[in-house]
Amino acid sequence: MTLPATASLAFTALMRNRLRSLLTMLGVVIGVGAVLMMQATGRGATAYVGDTISAMGSNLLMVIPGSPRRQMGGGMTAPLFTVADVEAVRRRAHDLDALAAVTTRPMRLVAGANNRIVSVGGVSPEFLSIRGWGVADGRTLTREDERQAAQVCVLGKTVRDALFPGGPALGQELRVHELSCRVVGVLEAKGASAFGMDQDDVMYLPFSTFSRRVLGSERVAFMMARAPSPDRIDDLKAQLEAVMRERRRILEGDEDDFAVRDPRELQAVLDQVTGVLTTFLLGVAGISLVVGGIGIMNIMLVSVTERTREIGVRLAVGARPRDILSQFLVEAVALSAAGGLLGILLGLAGAWGLAKAISVPFVFPAAAIPVAFGVSLLVGVVFGVFPARKAARLNPLAALRFE
Amino acid sequence: MASPTRHETVTGPAPLLALAGVTKVYGVGEAAVRALDGVDFEVWPGDFVAITGASGSGKTTVVSILGCLEASSAGEYRIEGVSVQALSADVLAALRNAKFGFVFQNYNLLSRTSALENVALPLVYAGVGRVEREARARAALAEVGLEGREESRSNQLSGGQQQRVAIARALVNAPEVILADEPTGNLDSRTGRDIMELLSGLNRDRGITVLMVTHDPACAAWARRRVVFQDGRIRSDTRGEVAA
Ligand SMILES: Nc1ncnc2c1ncn2[C@@H]1O[C@H](COP(=O)(O)OP(=O)(O)OP(=O)(O)O)[C@@H](O)[C@H]1O
Ligand SMILES: [Mg+2]
């Protein structure tokens, strides 16, 4: 019998027991769906974080308060840095290409009738160039601004649109706290960060202006340092640590109360987390596929028994054992392949929904789809062989006499 | 017992099917049943044989062995001189497909399948293309008088009609031998007579060899040769005139 004929036979048989076929497929649907969803979401998230980090530059280090053993955001209890710390680092770290002090604070900005609470950053003039962040309009912050503690600022696109809707922003005045500030530049739009935050909802002004005229404190929340090239980054890290240990009077053998972080470490951590998660879910999916396969085997065994007479008739009119074998094998494969297709659709839908929900871009898992489909075919073959062989080995007369 | 000399004069030089000392044992040890016990039996081209005998005497068994639905336990079965024991499962399938047509007491049609598809089934396994399959199945259905019922499902047909579909299926691949196991067993006598007319017509007009198991003397009377089984052996094998 030809393959198309066998396939249409299998289709007819499966359509006869629609609900049973659907329930039988479920294991494969879930297994394949889970794999695909995980693949797509994991890839999307890591790729996006990776993009964000590499956009920041591969020769960047951050110096933040708090023990290095604490993960991100653990600097609450450790003292902040001082302007003197920044100067010491600037003088003594040899492999330093650029250094910026940063202090951020959410504050209300007022411009005419409009106001908005924005993450306001007092930054050294090097900050924007370290982050590779240019202006779309106007100019960036300069050393001169810093020296004079000039009352100027640059706005992220979101802030510009909120405070000066429809009108020009450059040259306009706005108020931060008690300070009046002139807009000298509008930053290029960056969009959402890897963690879903709007990076354009910011306003930067010179560090000196912010600390002296707004906060009344010269504390530095963190430093951003750039090495001249990526291969010098380890040297720079060692130098930053040495200077800061000395500055903060940390004794030999004591733990640092600050950390020098390489943004690429974040990527490594993320990769590791995704890897563990992917392995775990692959395991779950594997179990689900095996369970699904056993379900298919079970139903196929039932089907062989139910249709023993039919097999007898087919053998009596000239079906060869291999015709019967392929009939039931194709049926099992059709079941699992249909389950696989359904799983792929559900997995894609799930991945798309999840990507939207955690606002990372949806990456179409082009490579995972044929693999998922192949695996579902394989499940059908592996678990379909036994029932199909059982059918093919039936004795014609015994099958015809089967009650 | 049939003597070869007697047959040679009537039908030709070589038997179509020949059993020599064929024994079939079902089960093992205590539970072993000797369904056939050293049967010698020859079928000649063009024969119309009625096999009768008490229930359990081995009629179904012998027909099944002749039709390659079942292997014998001992003895030799030759088809046109070729020993069947040596043949592969695929060759046996090809023989069932092309040389034999089966008709069963309970029709054995595929359920939820149209008459046309049922009849075309042997052609599927013969590798005949869809168009020719359908044409030949239609012709076979017409031959058994079921024109217009091609699309009917088995459960929409009467017993007699179902048995006609089964005969059309047996016919469709132009077999040399039709093996019918109690083809009228489930039918009333009038419908049974229609079926007998059909079978004897196939034998008479198309030269198809017919072997038919029956309990009904009226049906057996249609055959030219009557074989009686008893306890797995042939008790008598006689030739007679065909009843009107
Ligand atoms: N699969 C089997 N296992 C055990 N015994 C069997 C099997 N098939 C047939 N037999 C036995 O073989 C003997 C012959 O059976 P067979 O079916 O050939 O009889 P029969 O002449 O066709 O009877 P009936 O007229 O009732 O159809 C019987 O005693 C039966 O019980
Ligand atoms: Mg019988």
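Scope of the values below: all heavy atoms of this structure, side chains included, with no hydrogens, waters or symmetry mates. Order of the sequence lines fixes the chain letters, A, B, ..., with proteins taken first and strands second; residue numbering starts at 1 for each chain.
When heavy atoms are compared at a cutoff of 4.5 Å, Y26(B) approaches chain A solely by way of its side chain, counted from C-beta outward. For a residue to count as touching a neighbouring chain, one of its non-hydrogen atoms must lie under 4.5 Å from one of that chain's; by this rule F104(B) touches chain A with the side chain only. Of the two parts of R112(B), the backbone and the side chain both hold a non-hydrogen atom closer than 4.5 Å to a non-hydrogen atom of chain A. Looking at R322(A), the atoms closer than 4.5 Å to chain B (heavy atoms on both sides) all sit in the side chain, from C-beta outward.
Listed options N106(B), N173(B), L123(B) were ranked by heavy-atom pairs under 4.5 angstrom with chain A; first place goes to N106(B).
By the 6.0 Å and 45° rule, K390(A) does not stack over the aromatic ring of F386(A).
Under the side-chain contact (heavy atoms from CB on, under 4.5 Å) criterion, P387(A) pairs with M297(A), M300(A), L301(A), V304(A), not counting sequence neighbours.
Using a 4.0 Å cut-off between charged side-chain N and carboxylate O, E76(B) and R78(B) make a salt bridge. A salt bridge does not link E117(B) with R153(B): every distance from a Lys NZ or Arg NE/NH1/NH2 to an Asp or Glu carboxylate oxygen is 4.0 Å or more.
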* Does the pair F402(A) and I311(A) meet the rule for a side chain to side chain contact (heavy atoms under 4.5 Å, CB included), with working shown? -> CA-CA 10 Å; F402(A) 186 81; I311(A) 295 166; over 6 Å; no
